[in-house]
**Student:** 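Sharing a structure below in structure tokens format, with a few things to ask.
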Amino acid sequence: MHRRDFMTGVTAGLAGLLLSSATLPATAAPKELRVLTWEGYADEPWVKAFEAKTGAKVKITYTGSVDEIFAKMTASKGEDFDVIAIETSSYKRLTQEKLIQPVDLTKVPNAKNLLPAFREVSAIVFDGKPYAVPFAWGSIPLIYDKKAFPQPPASWSVLWDDKYKGRIIAMDDANNAIVTTALLLGYKDPFNLTDAQFAEIKAKLLDQKRYVSTYYAGFDDGVSIFAQGGVDLMMSMGEPQAPMLQKKGVDVGLTIPKEGAIGWIDCWAISAGARDPALALAFIDFMLEKQVGTYISEKTGYGNTTNADANAAIGLTYADKLVFLQAPENFARRIDLWNEIKATPVE
Amino acid sequence: MTDLSLAASGADPAIAGARAPHRRWLRRTALRLAVYGVPALLILVPLATFLVYSFWTTVDGRVVQSFTLANYVDFLAKPVYRGVFTGTLWLASIVATTSLIFGYIIAYLVWRLEGRLRYFLLLLSVIPLAMNYIVKIYAMRNILGYNGSLNWLLVHAGLIEAPSKLFIFNQTAVMITMAVIYLPYAILPIFLSLERVSPSLLAASADLGGRPGQTFRNVVLPLSLPGSIVGALFVMVLALGDYLTPQMVGGNQGFTFGRAIWSQFGMAFNWPFGAALAVVLLLSVVLIILVAAAISRHARVK
């Protein structure tokens with residue numbers, strides 16, 4: 001193609017774009033809802049149903065990390081998106097940076113569908129106002145090889161048991177390691193630790209290092225190491241690892257020890273820069289339909305917040321035993337502590 | 001495409017003469033701008049960004065854009081990060097030394113061969129470069145792992161009774177895996193520096209009564225060593241930044257500086273400190289490359 005032709009093409013294209021955008025409002029374009037979310041949280045069946053119901057057009061942007069969500073939201077003070085899905089411990093930062101707005105639950109009639117465990121999640125309430133609506137949840141459970149454990153281990157203390165030395169793997173995650181240890185030590189508030197508690201957790205985790213064969217890096221990595229053999233116990237990254245291992249022929253069980261376990265909830269929130277807050281509320285209301293919750297559990301293997309039967313069908317019956325993540329007192333301090341543990345040689 | 005073909009035809013005097021010189025100049029400048037500008041934009045701008053970030057700080061999960069050296073002070077003040085940094089440097093130099101020794105042996109043996117076989121074997125030895133790096137780590141884990149082929153072999157040979165955990169999830173595993181992965185990067189430059197040893201020098205050594213061993217010690221080795229060391233330093237740079245291999249096969253001893261940098265991102269949201277650590281790593285890489293450059297310049301003068 002000759003350059004001049006190319007330039008004419010580009011100019012024509014640009015003009016076309018300008019024209020079309022100029023004429024769009026005149027022809028009463030359908031309302032648009034811009035959703036920033038994780039893969040699997042805005043699937044076609046119910047997005048199509050929502051579009052049919054409201055006449056709005058849903059534009060979905062998928063994200064791969066919390067970093068990305070924050071980058072995209074801060075870039076425009078939330079003006080680029082109307083609705084986002086993010087996990088509970090991020091809400092402190094989101095509200096601090098004024099990237100989201102409170103959710104008026106009186107305009108979300110389906111909030112009555114919420115299961116009891118998700119009606120009062122303190123991590124998403126600021127100044128007495130809810131800023132999000134719980135949608136999907138899971139935990140950081142203990143996964144064990146049934147050959148080694150005919151009965152599920154009762155306590156997290158099994159991760160410090162001489163009998164399983166070198167046959168334990170744990171995920172490489174500062175906050176999850178620290179909160180789970182805090183639960184084992186019986187601390188009331190694992191998200192606001194005192195100096196003394198920090199010191200005790202550090203000693204405990206250093207002690208555990210002698211028993212841990214490796215800190216794995218991700219979902220698949222953990223499954224692959226477990227399936228290679230020589231592993232009895234895993235502080236897991238989430239429920240889906242159990243069926244993944246079953247598929248690889250390892251007969252594993254999953255348990256929430258008596259001290260409880262970390263829970264996470266992905267919630268829908270409305271961006272501070274939402275163009276049409278009413279439409280955003282309608283979307284959130286729609287997400288709380290029981291069929292949507294059922295679909296979430298059946299498809300992703302994570303818990304939903306509206307249909308208890310669908311949760312029970314995939315074994316997620318323990319929402320009340322979980323401690324849902326909150327923003328910790330000082331994330332940098334937790335990262336430093338964890339790095340210190342990983343850097344300290346043992347035996 | 002258009003630009004390139006026009007530039008090429010512009011070199012032809014018959015056509016160039018028919019065109020206004022300033023248009024040709026314009027076209028050349030545009031081409032140069034594209035050739036140099038695009039890489040500069042894609043490489044230098046990101047580098048500059050994280051350099052700038054390293055002088056900022058975070059307060060309450062928010063990046064504060066005011067100049068501070070706090071992150072660098074933190075790096076020096078926190079023994080964890082200093083310790084991991086020196087540990088990683090040490091690991092990288094061991095990997096480089098191992099690659100130098102084994103790479104030299106392999107390159108030398110290939111170099112001694114005659115004719116087609118020589119280049120065929122050289123090609124074979126660098127084929128792993130075309131393989132995905134993660135796949136190679138998983139492959140090594142399958143060999144060294146608990147139910148891996150090495151254990152299977154040893155158990156079946158009756159040398160050990162049960163699979164051993166000695167080969168995986170420790171420092172040894174990290175070194176073996178890294179040495180295997182980075183060996184091809186060492187073999188190539190070492191082979192090239194051996195290629196540069198003139199055959200006439202070998203013949204002269206033999207004519208003067210030098211035995212093969214003497215020729216190797218006094219002619220081949222001194223001539224090829226600088227280039228080989230440069231190759232090893234190249235491996236060291238690669239190993240320095242590699243945090244995945246230690247993470248995946250190093251077990252509870254697999255913590256390296258790259259992973260420490262990684263840990264400052266994501267939920268931690270400590271980009272400024274992460275950026276400062278990255279600058280430290282980048283500076284050490286630059287330093288190693290400078291050493292390599294000095295060695296090869298020195299060798300060329302001789």
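This is a predicted model, so every value here is computed, not measured. So that the names make sense, note that chain A is the first sequence line, chain B the second, and so on, each numbered from 1.
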**Student:** Any idea which of A/A327, A/S224, A/A332 has the most non-hydrogen atom pairs under 4.5 angstrom with chain B?
**Tutor:** A/S224
**Student:** Does A/D127, at its CG atom, have more than 12 non-hydrogen atoms belonging to other residues, nucleotides or ligands within less than 6.0 Å?
**Tutor:** no
**Student:** Picking from A/K209, A/E87, A/Q228, A/E68, which has the most non-hydrogen pairs under 4.5 angstrom with chain B?
**Tutor:**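 When all of A/K209, A/E87, A/Q228, A/E68 are compared, A/Q228 has the most.
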**Student:** Report, in residue-number order, which members of residues 88-97 of chain A are under 4.5 Å from chain B by heavy-atom distance.
**Tutor:**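 A/S89, A/S90, A/R93, A/Q96, A/E97 fall under the 4.5 Å cut-off.
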**Student:** Should we say atom NZ of A/K72 is surrounded by more than 12 heavy atoms from elsewhere, each under 6.0 Å from it?
**Tutor:** yes
**Student:** Is A/N175 in contact with chain B via its backbone, its side chain, both, or neither, using a 4.5 Å heavy-atom distance?
**Tutor:** neither
**Student:** Select one option (side chain, backbone, both, neither) describing which atoms of A/R333 are under 4.5 Å from chain B's heavy atoms.
**Tutor:**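 Neither part; nothing is under 4.5 Å.
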**Student:** Are the side chains of B/Q247 and A/T214 in contact, using a 4.5 Å heavy-atom criterion?
**Tutor:**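 A/T214 does not reach B/Q247 side chain to side chain.
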**Student:** So if I take each residue of residues 248-271 of chain B and look for any heavy atom under 4.5 Å from a heavy atom in chain A, which residues do I end up with?
**Tutor:** B/M248, B/G251, B/N252, B/F255, B/R259, B/A260, B/S263, B/Q264, B/F265, B/G266, B/M267, B/A268, B/F269, B/N270, B/W271
**Student:** Counting only non-hydrogen atoms closer than 4.5 Å, does A/I169 touch chain B with its backbone (N, CA, C, O), its side chain (CB onward), both, or neither?
**Tutor:**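 No part of it gets close to chain B.
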**Student:** Looking only at heavy atoms, which of residues 154-180 of chain B get nearer than 4.5 Å to chain A?
**Tutor:**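 When heavy atoms of chain A are the reference, residues 154-180 of chain B contributes B/K165, B/F169 within the under-4.5 Å range.
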**Student:** Among all residues two or more places apart in sequence or in another chain, which pass the side-chain hydrogen bond (donor to acceptor under 3.5 Å, both in side chains) test with A/R210?
**Tutor:** A/D207, A/E347
**Student:** Examine whether an atom of A/D172 lies under 4.5 Å from a heavy atom of chain B, and if so say whether it belongs to the side chain, the backbone or both; otherwise answer neither.
**Tutor:**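 Its backbone and side chain both get close to chain B.
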**Student:** Are more than 12 heavy atoms from other residues, nucleotides or ligands located less than 6.0 Å from atom NZ of A/K98?
**Tutor:** no
**Student:** Among the options A/S65, A/A343, A/S213, pick out the one with the most heavy-atom pairs lying under 4.5 Å from chain B.
**Tutor:**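 Greatest number of close heavy-atom pairs with chain B: A/S213.
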**Student:** Return yes when atom OH of B/Y36 has more than 12 non-hydrogen atoms of other residues, nucleotides or ligands closer than 6.0 Å, and no otherwise.
**Tutor:**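 No - once you tally the heavy atoms of other residues, nucleotides and ligands closer than 6.0 Å, there are 12 at most.
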**Student:** Is A/F70 in contact with chain B via its backbone, its side chain, both, or neither, using a 4.5 Å heavy-atom distance?
**Tutor:**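 No part of it gets close to chain B.
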